[in-house]
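There's a structure below that I have some questions on.
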Amino acid sequence: VNHYGTSRLIEKLKALADSVHADSSYVLRINDISLQYGGPFDTENNWDTPHENHREGANADISYTDAGARRIREKYFETEVNKLGAKLKSHGHFHVTYR
């Protein structure tokens, strides 16, 4: 129930995952997109960052490590994300926004 995304977000995440995998063999671990019907996301109900923007299905968190526990280089990942026209923040994980 915490993996709802707009069709644009899902399309872009698939393209990102495919591009990254083809180039580096990383398998992205994507999590915490949005709740299906929006609303508070945090289990603490305090909308503390980094989940305050996860309301519309346009944001996703991606782990710093891939499915094989390999660290994804931030500069490399930033370049890949920018190719698809997204915004990227980094705070304990990658936070990707596609609008």
Side-chain angles (χ1 to χ4, degrees):
V1 296
N2 66 338
H3 291 83
Y4 169 79
T6 63
S7 57
R8 177 170 166 72
L9 175 70
I10 300 304
E11 173 187 307
K12 294 291 187 174
L13 288 175
K14 285 180 181 180
L16 176 63
D18 289 346
S19 175
V20 166
H21 187 266
D23 184 52
S24 66
S25 76
Y26 290 136
V27 176
L28 299 181
R29 295 187 312 146
I30 301 169
N31 194 19
D32 297 345
I33 297 175
S34 181
L35 297 174
Q36 186 174 1
Y37 300 106
F41 189 91
D42 285 352
T43 57
E44 304 292 322
N45 270 342
N46 62 7
W47 275 104
D48 194 19
T49 57
H51 291 109
E52 65 186 304
N53 294 322
H54 291 250
R55 294 183 183 200
E56 302 170 350
N59 303 280
D61 292 343
I62 301 175
S63 178
Y64 283 149
T65 57
D66 82 336
R70 295 175 297 168
R71 177 81 178 190
I72 299 171
R73 296 181 323 274
E74 188 168 351
K75 197 65 174 167
Y76 162 77
F77 194 69
E78 181 179 7
T79 300
E80 291 298 313
V81 168
N82 288 338
K83 285 180 189 176
L84 294 172
K87 293 181 182 178
L88 178 70
K89 292 181 183 177
S90 182
H91 46 232
H93 56 265
F94 297 116
H95 179 85
V96 179
T97 302
Y98 288 104
R99 294 214 180 270

Problem - Which atom of I30 lies closest to which atom of A60, heavy atoms considered - result: CG2-CB, 4.1 Å
Practice task
Start with the C-alpha distance between E80 and L16, add both sets of side-chain angles, then the distance that settles side-chain contact (heavy atoms from CB on, under 4.5 Å), and finish with yes or no.
Solution key: CA-CA 7 Å; E80 291 298 313; L16 176 63; 4.0 Å; yes
Handout entry: S19 side chain to A15 backbone, donor-acceptor under 3.5 Å
Key = no
Practice task
Could you please spell out the steps behind the salt bridge (charged side-chain N to carboxylate O under 4.0 Å, His left out) verdict for R8 and E11?
Solution key: CA-CA 5 Å; R8 177 170 166 72; E11 173 187 307; 5.4 Å; no
Handout entry: For L28 against A17, the heavy-atom pair lying closest together
Key = CD1-CA, 3.7 Å
Problem - Side-chain donor-acceptor contact under 3.5 Å, T65 with R70 - result: no
Exercise for the section: State, without any angle test, whether Y76 and D23 hold a side-chain donor-acceptor pair at a distance under 3.5 Å. Expected result: yes
Problem - Over all atoms of both residues, closest heavy-atom pair of S63 and H93 - result: CA-CB, 4.5 Å
Problem - Exercise: identify the closest heavy-atom pair between G57 and L9 - result: O-CD2, 3.0 Å
Problem - V27 side chain reached by V20 side chain, heavy atoms, under 4.5 Å - result: no
Completion exercise
Here the pair of heavy atoms bringing L88 nearest to E78 is CD2-CA, 3.6 Å
Problem - Pairwise side-chain contact, I72 with Y26, heavy-atom cut-off 4.5 Å (strictly under) - result: yes
Practice task
Kindly indicate, with the supporting measurements, whether the criterion side-chain contact (heavy atoms from CB on, under 4.5 Å) is fulfilled by I33 and N59.
Solution key: CA-CA 6 Å; I33 297 175; N59 303 280; over 6 Å; no
Exercise for the section: Mind checking the OG1-NZ spacing from T97 to K89? Nearest 0.5 Å is all I need. Expected result: 6.5 Å
Exercise for the section: Report yes or no: do L84 and V81 belong to one cluster of Ile/Leu/Val/Met/Phe/Trp/Tyr joined by side chain heavy-atom distances under 4.5 Å? Expected result: yes
Problem - Within-4.5 Å side-chain heavy-atom neighbours: S90 and E74 - result: yes
Problem - Y98 side chain to T6 side chain, donor-acceptor N/O pair below 3.5 angstrom - result: no
